[in-house]
Amino acid sequence: QVQLVESGGGLVQAGGSLRLSCAASGRTFSNYDMGWFRQAPGKEREFVAAIMRSGGSTYYADSVKGRFTISRDNAKNTVFLQMSNLKPEDTAVYYCAANQGLLSVVPSRYDYWGQGTQVTVSS
C-alpha cells in the first residue's frame, strides 16, 4: 500500500503560479509511475500529467501543455506539479496518484490516490 499526501494548493490570481507536491510513503516510490489528476465540482476527474517511474518520460493533457511541468525526486519520494500561467478553468481539486503498471492517462489504471488539494484561480 502507498500513502500519498498532496500539498501546495491555494488561491491564486489568473496568470499566477503554484507548485503542488505529493509525498509518498509505504512502498518503494520508484516502482510507480505517478500522475496528477483534477476534478472540478460536477465534472469527471480528468488527467493532467504523468511521469514514468524513472522520470525519463512525461505526458500532459493538451489543456495544460506548456504551462504545467511534472517532475519527481525519487530520493525524496516526492512528485511535483509546477503550474504557471494559471487560468480560472484550472480551478479544481488536484489529486496525486500512483500507478504500478505502465504510464497511463486513465484514472482506473492508478492504484493509490491522495486526498487532494484545492487550487482556486480567480479571474
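Not counting sequence neighbours, the partners of Arg45 by the side-chain hydrogen bond (donor to acceptor under 3.5 Å, both in side chains) test are Gln39. In this view, Arg67 and Asp90 satisfy the salt bridge (charged side-chain N to carboxylate O under 4.0 Å, His left out) rule, not counting sequence neighbours. Scored by the side-chain contact (heavy atoms from CB on, under 4.5 Å) test, Gln1 finds Gln3, Tyr112 as partners (sequence neighbours excluded).
Note on residues 35-82: no pairs pass disulfide (SG to SG under 2.5 Å), not counting sequence neighbours. Note on residues 39-66: pairs passing ring pair (Phe, Tyr, Trp, His ring centres under 6.0 Å), not counting sequence neighbours, are Phe37-Phe47, Phe47-Tyr59. Here salt bridge (Lys or Arg N to Asp or Glu O under 4.0 Å) pairs that include residues 51-61, with residues two or more places apart or in two chains, are Asp33-Arg53. Screening residues 92-104 for side-chain hydrogen bond (donor to acceptor under 3.5 Å, both in side chains), with sequence neighbours left out, gives Arg38-Tyr94. Every pair passing disulfide (SG to SG under 2.5 Å) that includes a residue from residues 1-105 is listed here, sequence neighbours excluded: Cys22-Cys96. The disulfide (SG to SG under 2.5 Å) contacts involving residues 66-95 comprise nothing, where partners must be two or more places apart or lie in separate chains. Residue pairs meeting the disulfide (SG to SG under 2.5 Å) criterion with at least one partner in residues 27-62, sequence neighbours excluded, are absent.
Cluster membership for Trp36 and Phe80, using ILVMFWY side-chain heavy atoms within less than 4.5 angstrom, is not shared.
Side-chain contacts under 4.5 Å among hydrophobic residues (ILVMFWY), followed directly or transitively, place Leu11 with no other residue at all. Side-chain heavy-atom separations under 4.5 angstrom define the hydrophobic clusters, and Val5 shares its cluster with no other residue.
Residue Lys43 qualifies as open at atom NZ: its count of foreign heavy atoms under 6.0 Å is 12 or below.
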